[in-house]
Amino acid sequence: MSDTEYGAPAPCELLEHREVPLGGPRAMPVRRSLPGRDRHLVGAWCFADTYGPLGAGASPGMRVPPHPHTGLHTVSWLLGGEILHRDSLGTTCRVRPGELNLMTAGHGISHSEYSTGAQASGLHGAQLWIVQPEAERDGPPCFEHHGTLPSFTRPGATVTVLLGALDGVVSPARTATELVGAELDLAAGTRLRLPLRRDFEHAVLALDKPVTAEGHEIPTGSMLYLPPERETLTVHTADGNRALLIGGVPFEERFVMWWNFLARDHGGIATAREDWESGGTRFGTVPAQDAGLSAPPLPGVRLRSRGRRRAQP
């Protein structure tokens, strides 16, 4: 059965990235496409940065001192280079291209991330966050590393499934909501057609170069949002490219996202900030040579919860 038998799907939306610094005074520039001005979520995916590839001497690389998280999963995915992750659970783990680091914050965790080597030459990747649902957001933190992930091939393409399932291939990584995350590695001239779950909303994030999805060109670091009711996705690249496909069941819970914290209201954010700044036990300690990041001051107004997209006037 084709998409047209259900009626025309809603239009796609281009979520253009913006350049932001990551990691303080010696910040590495990143391209942030989610949350966007109007759209805050794709399924339970709530945040997406891409960075690199960095040339030799172009940047000190990724140097993110210890910092806290609550109420979310972090997904680290590399295309080039290497990052050393340390966290307050006692984890020390390197992540390399094709490997998945998945950290669950729950009630609270802290971690640091540093690119390895004197230079960050070749560092290239993506960092994404996923909202934890109410039933799990205050649970214990944990960390997973998956050095090998399942994949499948199509003419001119290799698809690696990071999270969830795609075309019958299932990732071993744990998820708390129904979602999917997959890397599409496309050779020059490839036109790839993939099946989609009709009850999912999806987005395609361009990692290397601009890529075309459903007839729309996506600039590097930006993403194309596809509403539910689509059964297939067609992606095309003339020069060869890598992209991420993310998606999930629309996430209907409201939440507040501020700095590195997710909570359900202003009070939850204020408490997490105070717990971090006071140096209590909630976030533990990360073995690191650098002092932890200080939380910025809260705004002078109460933080309001957000839904899937900005309320329309």
Side-chain angles (χ1 to χ4, degrees), residues 2-3 6 8-17 32-36 38-50 72-77 100 102 126-133 149-152 154 157-186 192-207 211-216 218 221-236 241-253 255 257 306-309:
S2 69
D3 289 335
Y6 296 103
C12 301
E13 298 173 31
L14 180 64
L15 308 183
E16 295 185 280
H17 72 271
R32 183 161 299 163
S33 54
L34 195 69
D38 296 320
R39 185 161 299 281
H40 305 143
L41 292 167
V42 179
W45 299 88
C46 63
F47 179 93
D49 280 354
T50 62
L72 57 84
H73 307 277
T74 66
V75 176
S76 299
W77 185 251
L100 174 68
L102 176 64
Q127 176 78 201
L128 304 101
W129 297 353
I130 301 167
V131 184
Q132 287 186 262
L149 291 164
S151 63
F152 60 92
R154 295 290 182 269
T158 299
V159 179
T160 301
V161 182
L162 285 63
L163 294 162
L166 182 63
D167 204 13
V169 177
V170 182
S171 166
R174 177 186 173 277
T175 60
T177 53
E178 289 190 275
L179 52 78
V180 65
E183 182 195 71
L184 316 180
D185 189 350
L186 311 172
L192 175 65
R193 186 175 174 88
L194 290 170
L196 300 179
R197 275 186 53 169
R198 288 187 58 243
D199 58 333
F200 276 21
E201 53 187 2
H202 295 84
V204 178
L205 173 60
L207 297 175
V211 65
T212 300
E214 296 299 303
H216 301 267
I218 311 168
S222 297
M223 65 170 62
L224 183 73
Y225 170 80
L226 298 89
E229 304 301 328
R230 292 176 178 269
E231 288 199 312
T232 61
L233 166 69
T234 301
V235 182
H236 171 69
N241 198 353
R242 285 171 290 186
L244 283 179
L245 171 66
I246 62 173
V249 173
F251 190 83
E252 301 295 353
E253 297 178 21
F255 62 95
M257 185 166 71
R306 62 173 64 177
R308 293 168 55 201
R309 59 177 296 128

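- In this pair, Phe251 and Phe255 present their aromatic rings perpendicular. The plane angle is above 60°, beyond the 30 to 60° band.
- The CZ atom of Arg308 sits 12.0 Å away from atom NE2 of His40, with the distance rounded to the nearest 0.5 Å.
- In this structure the side chain of Leu233 reaches within 4.5 angstrom of the side chain of Leu226, judged on heavy atoms.
- Interatomic distance, Ile130 CD1 to Leu163 CG, rounded to the nearest 0.5 Å: 5.0 Å.
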Handout entry: Derivation and outcome, side-chain contact (heavy atoms from CB on, under 4.5 Å), residues Arg230 and His202
Key = CA-CA 9 Å; Arg230 292 176 178 269; His202 295 84; 6.0 Å; no
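- The distance from the CG atom of Asp49 to the CH2 atom of Trp129 is 8.0 Å, given to the nearest 0.5 Å.
- Rounding to the nearest 0.5 Å places CG of Leu245 at 9.5 Å from CG of Leu192.
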- Message: Applying side-chain contact (heavy atoms from CB on, under 4.5 Å) to Leu194 and Val235, what does each step give before you reach the verdict?
- Response: CA-CA 8 Å; Leu194 290 170; Val235 182; 5.8 Å; no
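- Proximity of a side-chain donor or acceptor of Glu183 to a complementary backbone N or O of Leu162 within less than 3.5 Å is not detected.
- When atom types are taken as modelled, the side chain of Ser151 and the backbone of Thr160 share no donor-acceptor pair closer than 3.5 angstrom.
- Donor-acceptor pairing under 3.5 Å is recorded for the side chains of Ser76 and Gln127.
- Taking OG1 of Thr50 as the reference point, atom CZ of Arg242 lies at 12.0 Å (rounded to 0.5 Å).
- Within the 4.5 Å cutoff, the side chain of Pro250 has heavy atoms near those of the Pro228 side chain.
- Here the rule is side-chain contact (heavy atoms from CB on, under 4.5 Å) with Ile246, and of Leu205, Val180, Leu128, Val75 only Leu128 fits it.
- Between the side chain of Trp45 and the backbone N or O of Gly247 there is at least one donor-acceptor pair closer than 3.5 Å.
- Residues Pro35 and Met257 are in side-chain contact: their nearest non-hydrogen atoms beyond the backbone lie under 4.5 Å apart.
- Within the model, atoms CE of Met223 and SG of Cys12 stand 13.5 Å from one another, a figure rounded to the nearest 0.5 Å.
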Exercise for the section: Any chance you could lay out the side-chain contact (heavy atoms from CB on, under 4.5 Å) test for Val249 and Thr177, step after step, and finish with the verdict? Expected result: CA-CA 8 Å; Val249 173; Thr177 53; over 6 Å; no
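- For Arg193, the CZ atom sits in a loose shell: 12 or fewer heavy atoms of surrounding residues, nucleotides or ligands are nearer than 6.0 Å.
- A salt bridge between Arg197 and Glu231 is absent, with no side-chain N of the basic residue lying under 4.0 Å from a carboxylate O of the acidic one.
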*Output, in order, the C-alpha distance, side-chain angles, deciding distance and verdict of side-chain contact (heavy atoms from CB on, under 4.5 Å) for Leu149 and Leu100.*
CA-CA 8 Å; Leu149 291 164; Leu100 174 68; 3.9 Å; yes
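- Partner of Tyr225 under the side chain to side chain donor-acceptor pair (under 3.5 Å) criterion, chosen from Glu13, Glu201, Arg309: Glu201.
- Among all heavy-atom pairs drawn from Leu102 and Arg174, the shortest one is CD2-O, 3.4 Å.
- Taking 4.5 Å as the limit, every side-chain heavy atom of Pro227 sits out of range of all side-chain heavy atoms of Pro11.
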